[in-house]
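These numbers were taken from a predicted model, which means no experiment stands behind them. Order of appearance sets the numbers: ligands from 1, and atoms from 1 within every ligand.
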Amino acid sequence: MILSETQFIIVTGGVTSSLGKGIVSASLAKLLQSGGYTATIQKLDPYINIDPGTLNPYEHGECYVTEDGAETDLDLGHYERFLDSYMSQANNVTTGRIYQSVIDKERRGDYLGKTVQIIPHITDEIKRRIKLLGRQNFDFVITEIGGTIGDIESLPFIEAVRQLKWESEHNFLVVHLTFVPYLAAAKEHKTKPTQNSVKQMLENGVQPDILVLRTEHPLTPEVKKKVANFCNVKLESVIEAMDARTIYQVPLLMHRERLDEVVLQKLKLPPGNHVNLDAWNAKVEKILNPEKSTTVALVGKYVELPDAYKSIIESLIHAGAANNCKVNVRYVHSERLENCNIAEALAGCNGIIVAPGFGHRGIEGKIEAVKFARENNVPFFGVCLGMQCAVIEFARNVLNLNDAHSTEMHPATPHPVIDLMQEQKNITALGGTMRLGAFACKLTKKTKVFDAYSTENISERHRHRYEFNNVYLDQFIKHGMVPTGINPDSKLIEIMEIPAHKWFVGVQFHPEYKSTLMNPHPLFQAFIKSTISE
Ligand code: GLN
């Protein structure tokens, strides 16, 4: 930390959802970090679930897991991928968690005699959660408020922002992201939705300090001037956010628009060091203009909603950039895969990933995809459930253990090659009860995974209940599928490989949570490399 006091920046959104508040927040933090400051980002989600762990991916996309085992919003993945630093439970707070703390306090008698209300009790708890991160010695805490201004659910959050802004004279800033549509028929940008969005902020007592305008076409100076005039912000505080070809371009665009400079000016802070984005820029160049290309099948049951596999898709982009290669992802619906159509569905794929997941739907298609990869020597990467499918497929088709399965899908299987962990057997609640967060793993030398990591001791993040059943281990080893990564404490098997195959690796953990643009994950890099090598 170089500043004597933490600066708080709130990012809100208006007009529509999906404008990219998370990416703008991550980009701003990246720029401040490049200028020598320390920064972290927090997401406040206005829904009532305690965390997104129990949410169906169709509802909310991927659930991202942090080192400390918090099940969080997928935006935290972007924060880590941009900042190359770890987030934690404190970086994602939902309305549910806020209410839970307040209600717990009420039951303890902490408010004795008082009527517990949204203002001040809920808003105080929101303010406390925002300030809490400031105590961790960051120069900047950027807090992204989920949802869109005008939503009933976000009202208490905006009220908390109003109070914080009122209370802090100099170390607090509100950035509001809106959309400026272009009407092709009129050949004009329209600023009215932005004006209305700022009016809604004003109705709630919050004047944004900086406006970031998402647009599909460059804005003319007149449009910016109009927005500045109608929305009480300085012209230089109106920032254009053009659609980008890759999200990793956004920090470069925001820097060109001087977002970081304006933020520092507004907070009356020195300009910071020269922001050097050369290394980042070089990576972006590799994403935009790669020399090679490869096609990878991503086999899963949520493929109509790629947000469900956000971190895997980003990891493939990072690994592609590292290999100077464009990775085309073919989304293959596991529910539609059968023995008779698999060759057609996977034709032309240079590698196959079987995705993580829960429950029975689409499981047989995933197992078919593993079989295809194994029999045709196509590079295979199984992630969590994908690794479990590889084990089931091998048990059924190589070890001839008929009806081998995971007890998650088939509790009465005669061959439970994947089974519940002992400590999971008596747990009935679903929220936050899995094996979650970072665990150590020791790799075997002279294996594909050791080659990838170039080190013996690794740590990776987990999110699952079921495990490889060690009762069957000898049979697997004897027939050519071997454990190459083991948890040194619990002896649980974390990685299975087929050494005779070109590249066949199944991992019980989620490597995708630790890949960043500047530090692409070794396994994704090695997998992509194997798809482009002869
Ligand atoms: N459903 C499996 C388990 O609970 C795998 C979970 C996953 O892929 N994240 O073990």
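- Atom 10 (O) of ligand 1 has Tyr466 N, 2.8 Å as its closest protein atom, hydrogens excluded (heavy atom only).
- Between Tyr331 and Tyr309, the distance separating the two ring centers is not shorter than 6.0 angstrom.
- In this structure a side-chain-to-backbone donor-acceptor pair under 3.5 Å is missing from Glu460 to Cys441.
- Considering only non-hydrogen protein atoms, atom 2 (C) of ligand 1 sits nearest to Glu408 OE1, 3.2 Å.
- No close placement of the His78 and Tyr248 rings is indicated, their centers lying 6.0 Å or farther apart.
- Proximity of the aromatic rings of Phe439 and Phe509 is defined here by a centroid distance below 6.0 angstrom, and this criterion is not met.
- More than 12 heavy-atom neighbours from other residues, nucleotides or ligands sit within 6.0 angstrom of NZ on Lys502.
- The nearest heavy-atom contact from the protein to atom 4 (O) of ligand 1 is Arg465 N, 3.0 Å.
- Protein heavy atom in closest approach to atom 9 (N) of ligand 1: Arg463 O, 2.9 Å.
- Looking at atom 7 (C) of ligand 1, its nearest protein heavy atom turns out to be Cys384 SG, 3.0 Å.
- The nearest heavy-atom contact from the protein to atom 5 (C) of ligand 1 is Gly357 O, 3.4 Å.
- At a 4.0 Å heavy-atom cut-off, ligand 1 does not touch Met434 at all.
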